[in-house]
Amino acid sequence: MENNYQNLQYTDDEKAVAYVKAIIKAVDMTHQVAEKSKIKSKKAREAIETKDKEFMWNTLQEYLHDYKEFINTTNTMRTCSVGMDFYNQVTVTEIERQLKIMIGVIYDYEAKHCLHNEAIKQCLKKLLKASGVFTDKEIELLLL
């Protein structure tokens with residue numbers, strides 16, 4: 001394995017999880033880009049099912065490479081470089097958690113790049129408001 005790994009770093013763990021759950025639900029509810037998002041996130045779901053640390057890690061690295069720029073423009077998470085020591089210490093459970101968050105990132109990316117994303121935006125706004133985790137200002141920033 002290379003020594004240039006990446007890892008998700010959350011500014012607020014609860015908000016990151018709430019956001020990805022809401023974006024997946026909003027996309028599924030609007031049916032605009034759900035199928036495309038499911039296809040693009042298939043490998044992550046398959047990796048989670050294996051419970052194979054190396055396969056899960058390598059899959060996470062592929063997604064982080066592909067979506068790094070998009071992730072780093074969000075207000076809730078960033079990618080950061082980690083070394084072999086981190087990989088040796090990280091648990092399968094944490095990698096699984098990050099893969100699940102990556103699935104949400106994929107849905108978010110597809111929703112924001114959809115030509116008809118206004119319906120998704122309105123649905124997401126309603127879900128984020130209902131979560132009680134975000135302020136109105138945070139919701140507006142997330143919907144940019």
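Hydrogens, waters and symmetry mates play no part in the numbers below; they use all other heavy atoms, side chains included. Keep in mind the model is a prediction, meaning the values are calculated, not measured.
Heavy atoms of other residues, nucleotides or ligands lying less than 6.0 angstrom from NZ of Lys53 number more than 12. Heavy atoms from other residues, nucleotides or ligands lying under 6.0 Å from CD of Glu140 number more than 12. Other residues, nucleotides and ligands place more than 12 heavy atoms under 6.0 Å from the NZ atom of Lys51.
Using a 4.5 Å cut-off on side-chain heavy atoms (C-beta onward), Val82 and Gln6 make no contact. With contacts defined as side-chain heavy-atom distances shorter than 4.5 Å, the pair Leu60/Tyr5 does not qualify. Between Gln61 and His65, every side-chain heavy-atom pair lies at or beyond the 4.5 Å cut-off. Residues Ile39 and Lys36 are not in side-chain contact: their nearest non-hydrogen atoms beyond the backbone lie 4.5 Å or more apart.
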Quiz item: Can Leu124 and Tyr19 be said to form a side chain to side chain contact (heavy atoms under 4.5 Å, CB included), step by step?
Solution: CA-CA 9 Å; Leu124 179 58; Tyr19 182 76; 3.7 Å; yes
Quiz item: Hey, mind stepping through Lys21 and Lys25 against side chain to side chain contact (heavy atoms under 4.5 Å, CB included) and telling me if it holds?
Solution: CA-CA 6 Å; Lys21 285 181 181 178; Lys25 187 173 181 179; over 6 Å; no
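Rounding to the nearest 0.5 Å gives a distance of 8.5 Å between CG of Asp52 and CE of Met56. Here OG of Ser37 is found 9.0 Å from CD of Glu35. Values are rounded to the nearest 0.5 Å. Taken to the nearest 0.5 Å, the OH atom of Tyr107 stands 16.0 Å off from the NZ atom of Lys112. The OG atom of Ser81 sits 11.5 Å away from atom CZ of Phe86, with the distance rounded to the nearest 0.5 Å. Separation of atoms CG (Asn7) and CG (Leu64) is listed at 7.5 Å; rounding is to 0.5 Å. For the atom pair NZ of Lys126 and OG of Ser131, the computed distance is 13.5 Å after rounding to the nearest 0.5 Å.
Note on Ile139: it clusters hydrophobically with Val133, by side-chain heavy-atom contacts below 4.5 Å among ILVMFWY residues. Clustering ILVMFWY residues whenever any of their side-chain heavy atoms sit less than 4.5 angstrom apart, transitively, puts Phe55 in a cluster other than the one holding Met84.
A donor-acceptor distance shorter than 3.5 angstrom exists from the side chain of Lys121 to the backbone of Leu143, with no hydrogens or angles considered. Between the side chain of Arg45 and the main chain of Ile103, no donor-acceptor pair closer than 3.5 Å is present. In this structure, the side chain of Tyr63 engages the main chain of Ala44 through a donor-acceptor pair within 3.5 Å. Using a distance-only test at 3.5 Å, with no hydrogens or angles considered, a donor-acceptor pair links the side chain of Glu138 to the main chain of Thr135.
Of the N and O atoms on the side chains of Arg97 and Thr93, not one donor lies less than 3.5 Å from an acceptor on the other residue.
Counting all heavy atoms, side chain and backbone alike, Lys15 lies closest to Phe134 at O-CZ, 3.3 Å. Heavy-atom minimum distance, Met77 versus Ala16: CE-CB, 4.4 Å. Of all non-hydrogen atoms in Leu127 and Ala22, the two that sit nearest each other are CD1-O, 3.5 Å. Between Tyr87 and Glu54 the shortest heavy-atom distance is OH-CA, 3.5 Å. Across all non-hydrogen atoms, the minimal contact from Gly104 to Ile23 is O-CG2, 3.5 Å.
For the side-chain contact (heavy atoms from CB on, under 4.5 Å) test with Met102, the passing option among Val20, Asp66, Ile71, Thr59 is Ile71; the others fail.
In this structure, the side chain to side chain donor-acceptor pair (under 3.5 Å) partners of Lys43, at least two apart in sequence or on a different chain, are Glu62. For Tyr109, the ring-ring contact (aromatic ring centres under 6.0 Å, His included) partners at least two apart in sequence or on another chain are Tyr67, Phe70, His113. The side chain to side chain donor-acceptor pair (under 3.5 Å) check on Thr79 picks up Asn72, with sequence neighbours excluded.
The pair Glu96-Lys100 counts as a salt bridge, with a side-chain nitrogen and a carboxylate oxygen less than 4.0 angstrom apart.
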